[in-house]
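Supplied in structure tokens, the structure appears directly below.
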Amino acid sequence: MSSKNKWVYLFDEVEQAEKYVGGDWEAVRGLLGGKGANLAEMTRLKVPVPPGLTLTTEACNAYLAAGENFPEGMWEQALEALKAVETAAGKKFGDSKNPLLVSCRSGGKFSMPGMMDTVLNIGLNDDTVKVMIKLTKDDRFVYDLYRRLVQMFGSVVMGIPDEPFEEIITEARVKAGVKSDAELTADDWKQVTKEFKKIFKKRTHKKFPTDPYDQLKLATEAVFKSWNGKRAVDYRNAAGIAHDLGTAVNIQTMIFGNMGDTSATGVAMTRNASTGENNIEGDYLMNAQGEDVVAGIRITNDVQEMKTELPKAYAEFEKICKKLEIHYREMQDVEFTVENGKLWMLQTRDGKRTAQAAVRIAADMVEEGLISKEEAVLRVSPEQIDFFLHPQFDLQSKQKAQSSGAFLANGLNVSPGAAVGIVAFDADRAEQWAKEQGKDVIMVRPETKPDDVHGMLAAEGILTSRGGRTSHAALVARQFGTPAVVGVASLEIDLANRRMQVGDHEIQEGDWISIDGTAGEVFLGKLETMVPDINDPWLLKLLSWADDFRRLGVWANADYPKDAERAREYGAQGIGLCRTEHMFFESERLPHVQKMIMTDLQRERDEALAAILPFQREDFMGIFKAMDGLPVIIRLIDPPLHEFLPNQFDLMHELSDLKIRLQQANNLAQVDDLLEQIRMKENILKRVESLHEANPMLGLRGVRLGIQIPELTTMQVRAIFEAACAVSKEGVDVHPEVMIPLTSHVNELKIQRQALESEAKKVMEEQGIEIDYKFGTMIEIPRAAITADEIAEYAQFISFGTNDLTQTTFGISRDDAEAGFLMEYISTGVLPDNPFATIDPNGVGELMRIAVTKGRGVNPALECGICGEHGGDPESILLCHELGLTYVSCSPFRVPIARLAAAHAALQGRITKDQ
Ligand code: ADP
Ligand code: MG
Ligand code: MG
């Protein structure tokens with residue numbers, strides 16, 4: 001079998017490789033490795049590439065399978081191919097007249113750390129050195145090459161540390177009395193080479209191999225073996241790369257960028273990788289070899305300066321960059337070397353870029369005719385859009401902070417964006433400093449609780465030392481678009497003394513810190529921020545194309561007019577969820593709400609509701625105006641009533657305080673006053689106790705509450721319709737949709753809808769206006785999903801409340817589970833994903849499918865949407881697209897992301913259908 005295998009391909013044999021793998025370019029990359037495939041492809045494109053050969057990844061696997069031995073014929077094939085390389089280069093390996101030197105470069109399908117570094121200048125020994133000196137008449141240059149080979153071979157192939165080599169160079173500089181390597185003479189390098197060989201001998205107990213073929217073989221084997229090196233294996237495990245891919249080895253004619261002042265070496269991106277501007281960006285060094293540019297020993301020049309220093313080579317370089325972009329239809333990251341004025345390309349691959357650059361490059365390439373709009377939309381990931389929605393740290397100021405030691409710690413990047421502020425260790429202080437003193441605050445806690453929300457809302461950023469991606473802090477931060485880093489384990493917070501410690505740094509309350517929620521980093525002091533623009537022209541273009549491709553509507557969850565305005569600015573086509581209850585918490589309203597809950601007298605309850613009505617009407621008018629022309633879904637009251645009353649334990653504490661004060665009262669007036677207060681508190685406590693439920697999540701809430709206290713939901717519907725009529729008279733095009741929460745049986749809906757719709761009609765009659773409205777329900781209980789055909793008789797729309805639907809489907813209480821076993825379930829693989837982050841497709845998703853199918857079976861025009869947090873999750877959006885939902889509704893900050901994700905869903909569907 002060995003004789004049949006082709007283990008080695010020359011750079012100009014890419015057609016054969018293609019044929020062997022069946023024509024697919026990804027498979028060619030798999031066979032030749034990314035580096036080798038692109039070297040071959042550039043050769044085919046007639047881009048100047050130094051001739052070379054590739055031992056395939058299959059060769060690597062065969063070598064490893066044979067117990068780290070070359071199977072019969074493999075090395076012979078390599079030597080055979082080397083002859084062809086010699087012919088192409090016009091030089092001979094190990095020759096005494098015109099010796100060929102080569103590099104040995106590793107390269108698997110995916111580039112990964114841990115693989116063997118490149119060895120340059122293979123083929124030099126004491127004999128070829130002499131010949132090279134005769135040919136180049138530059139002994140300094142040749143000895144510089146030689147010492148590099150011994151050093152690289154020693155460290156890369158044999159694993160000798162770099163330090164002893166570096167020490168010798170330092171000694172040589174001291175001895176010569178010079179500051180830089182460039183000032184060392186030929187004799188100095190000659191001496192250094194000798195010393196290097198001694199180190200080699202001492203460390204490896206072997207002589208430096210003088211036979212060029214031994215050098216080449218050892219280097220090749222070392223590359224193959226590095227595939228199973230510890231770091232490489234660990235990395236593949238972490239990155240999910242298969243262990244059987246293997247690495248290729250490229251052996252390539254050396255080009256010398258260090259041949260004097262018409263030679264150079266450099267790296268570049270064909271476009272600006274930070275901004276996406278269509279300008280070549282990169283660094284180069286005159287008179288230098290490969291590594292020197294990246295090693296950072298010498299200060300590099302901007303590649304644009306090559307225009308004047310090496311004008312001919314640069315002109316060709318520019319042309320090649322364009323050619324490569326046109327061929328690959330992607331921005332390229334390239335390596336090049338100029339030898340005596342002649343340009344050679346040594347590598348090309350798709351370039352990494354920032355989110356901003358990704359958007360601009362994709363949009364520009366459409367305009368340039370390089371790619372289609374569909375491709376452009378697919379090239380940008382939904383998460384990259386997030387970049388434009390939050391302030392970011394200026395890259396340079398971040399680098400400066402890194403190098404000046406201001407970097408403090410890493411944590412989980414749970415809510416993107418940059419924030420700068422003074423540290424506040426509790427919610428009250430955070431709120432006070434922010435609201436009363438107008439300061440920028442970062443709220444820092446070990447972890448956060450629902451009681452902390454007011455401080456979190458007031459803060460610029462949130463930092464916790466504990467908690468994970470679904471911790472309370474993370475969820476609240478994402479909901480409100482506040483940058484957050486959580487789970488920073490190295491942060492020791494000392495709440496008692498109001499300070500924290502990270503390593504050697506101690507930070508007091510009130511000190512400035514900066515957090516990067518995009519990267520999950522914490523810095524000391526104030527970093528410069530910049531605000532990317534959601535109206536970035538390239539982003540707008542890309543999103544408008546995305547809108548053309550998607551079928552799914554994108555709506556937003558918004559409770560306040562301000563949120564609705566933002567949602568609309570970000571492209572929302574409606575409000576999918578407007579929650580009415582936190583309007584009840586505001587200070588002018590809460591007393592009325594509490595009175596309504598406390599009283600047993602119908603008259604008092606009516607009075608309280610009448611007092612709340614104008615506030616609600618006002619709120620709705622604002623939202624209707626903001627959403628002129630678009631639908632607004634308003635959900636009637638949902639949470640259990642006890643949430644509006646003080647906490648039972650707080651009440652008990654206050655009561656015992658009052659009773660102590662009563663014993664100490666010194667006059668009758670005081671006694672009377674205290675007795676009155678005690679009576680009031682006791683009444684509230686009694687009510688709180690009577691409302692207490694063992695399991696409020698499954699208790700008296702949602703539609704059950706509406707049936708129990710019909711005056712409450714009737715008041716809400718009156719407020720909605722009075723608001724709608726009022727704005728309609730002002731010329732606003734209004735489309736309210738009234739949503740009844742938590743239905744489990746159709747009868748609940750039937751009863752509520754009858755009561756509410758008659759109130760709606762009454763208002764419209766009073767006002768003399770017809771409003772275009774809908775009545776519908778949330779689907780958040782499995783029973784409702786399964787009986788959606790019955791429900792569709794009474795609902796004009798349904799909206800999946802996937803947070804509760806997930807809780808009720810799994811029988812899991814989210815708040816308890818996320819702080820407890822759920823995270824363990826996910827980390828140990830009991831559950832593949834957090835079902836509260838991504839819809840569980842087989843359970844919750846299946847219920848949704850049943851509901852849509854049954855509901856539309858009865859009413860084909862049934863509007864079906866989703867308003868849970870999942871509405872902003874790209875993977876869940878894909879599912880919603882496949883289920884044929886009308887829209888997804890998500891937080892305003894995720895609207896642009898959802899628009900792109902919905903386009904991806906539509907385009908991916910199209911692609912799989914085409915196949
Ligand atoms: P990496 O994968 O770490 O980038 P490379 O194989 O690309 O490693 O090589 C490291 C450096 O050596 C690069 O600057 C590359 O351009 C240079 N280099 C590699 N082979 C040659 C060669 N044949 N002639 C000149 N320079 C080379
Ligand atoms: Mg490289
Ligand atoms: Mg719910």
Side-chain angles (χ1 to χ4, degrees), residues 10-11 29 32-40 42-43 47-55 82 85-86 88-89 91 93 99-124 141 144-145 148-149 151-153 155-157 215-216 219-220 222-223 226-227 231-232 235 247-259 263-269 282-298 300 303 313 317 320 332-340 342-352:
L10 289 163
F11 288 174
R29 285 172 47 91
L32 301 179
K35 197 182 279 173
N38 281 342
L39 284 167
M42 284 199 288
T43 306
V47 166
V49 172
L53 59 93
T54 304
L55 285 103
L82 186 62
V85 173
E86 290 175 335
K91 298 177 182 180
F93 196 56
L100 172 73
L101 303 191
V102 296
S103 62
C104 175
R105 320 171 67 187
S106 68
K109 180 167 185 184
F110 307 107
S111 88
M112 49 185 259
M115 296 306 299
M116 201 188 81
D117 283 340
T118 293
V119 181
L120 304 178
N121 310 326
I122 290 173
L124 278 177
F141 159 70
D144 182 24
L145 294 184
R148 285 176 195 254
L149 171 65
Q151 177 175 1
M152 270 190 261
F153 197 91
S155 63
V156 171
V157 180
Q215 294 172 0
L216 191 60
T220 303
V223 173
S226 72
W227 179 255
R231 207 189 303 154
Y235 179 82
T247 181
V249 177
N250 302 291
I251 293 167
Q252 185 173 25
T253 306
M254 278 304 302
I255 297 298
F256 303 109
N258 52 341
M259 264 217 177
S263 298
T265 184
V267 296
M269 297 274 186
D283 304 295
Y284 78 107
L285 275 173
M286 293 299 286
N287 194 14
Q289 207 171 29
E291 266 75 63
D292 301 355
V293 178
V294 270
I297 316 167
R298 280 166 60 187
T300 55
V303 75
F317 180 62
I320 289 172
Q332 295 296 298
D333 174 347
V334 297
E335 293 175 4
F336 62 92
T337 288
V338 180
E339 179 182 302
N340 284 331
K342 162 96 181 99
L343 174 78
W344 296 91
M345 298 304 289
L346 287 162
Q347 192 167 340
T348 192
R349 60 189 149 178
D350 293 350
K352 296 218 165 39

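First listed ligand is number 1; within each ligand, the first listed atom is number 1.
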- Heteroatom proximity flag, Ile255 to ligand 1, N/O under 3.5 Å: yes

- Task: Considering only non-hydrogen protein atoms, determine which one is nearest to atom 20 (N) of ligand 1 and report residue, atom name and distance to 0.1 Å.
- Result: Ser103 OG, 2.9 Å

- Got a sec: is Thr118 within less than 2.8 Å of the Mg ion (ligand 2) via an N/O/S atom? no

- Pull out every atom of ligand 1 sitting under 4.0 Å from any heavy atom of Gly290, numbered as shown with elements. 12 (O), 14 (O), 17 (C)

- Which bit of Thr253 is near ligand 1, meaning a heavy atom under 4.0 Å away: side chain, backbone, both or neither? backbone

- Message: If you take the nearest heavy atom of each of Thr118, Asn121, Asn258, which one is closest to atom 9 (O) of ligand 1?
- Response: Thr118

- Query: Going by distance alone, is a donor N or O of one side chain under 3.5 Å from an acceptor N or O of the other, for Thr348 and Asn38?
  - Reply: no

- Under 4.0 Å from one or more heavy atoms of Leu120, ligand 1 contributes atoms 12 (O), 18 (N), 19 (C), 20 (N), 21 (C), 27 (C)

- Query: Aromatic rings Phe256 and Phe141: how do their planes relate, parallel, tilted or perpendicular, breaks at 30° and 60°?
  - Reply: perpendicular

- Message: Give the atom numbers and elements of ligand 1 that come within less than 4.0 Å of a heavy atom of Gln347.
- Response: 4 (O), 7 (O)

- Message: Could you tell me, atom by atom, which parts of ligand 1 come under 4.0 Å of a heavy atom of Leu346?
- Response: 16 (O), 21 (C), 22 (C), 24 (N), 25 (C), 26 (N), 27 (C)

- So, do Met259 and Asn287 sit near enough that their side-chain heavy atoms are less than 4.5 Å apart? no

- For the atoms OE2 of Glu335 and OE1 of Gln347, give the angle they form at the Mg ion (ligand 2), rounded to 10 degrees. 100°

- Message: Measuring from atom 4 (O) of ligand 1, which candidate in Glu335, Arg105, Met152 has the nearest non-hydrogen atom?
- Response: Glu335

- Query: Do Ile320 and Met345 have side-chain heavy atoms sitting under 4.5 Å apart?
  - Reply: yes

- Note on the structure: Minimal heavy-atom distance between Pro99 and Lys91, with the atoms involved, is O-CD, 3.8 Å

- Item | Identity and separation of the nearest protein heavy atom to atom 11 (C) of ligand 1 | Glu291 OE2, 3.3 Å

- Task: Run the salt-bridge test on Glu335 and Lys35 with the 4.0 Å N-O cut-off and return the result as yes or no.
- Result: no

- Query: What do we get for Met254 next to ligand 1 when only non-hydrogen atoms under 4.0 Å count, side chain, backbone, both or neither?
  - Reply: both

- Quick one: are Leu124 and Leu145 in side-chain contact, heavy atoms under 4.5 Å? yes

- Query: Can you find a heavy atom in the side chain of Gln252 that is under 4.5 Å from one in the side chain of Trp344?
  - Reply: no

- Query: Just by distance, with hydrogens left out, do Gln347 and Asp333 show a side-chain donor and acceptor under 3.5 Å apart?
  - Reply: no

- Query: When you look for heavy atoms under 4.0 Å from ligand 1, do you find them on the side chain of Lys35, its backbone, both, or neither?
  - Reply: side chain

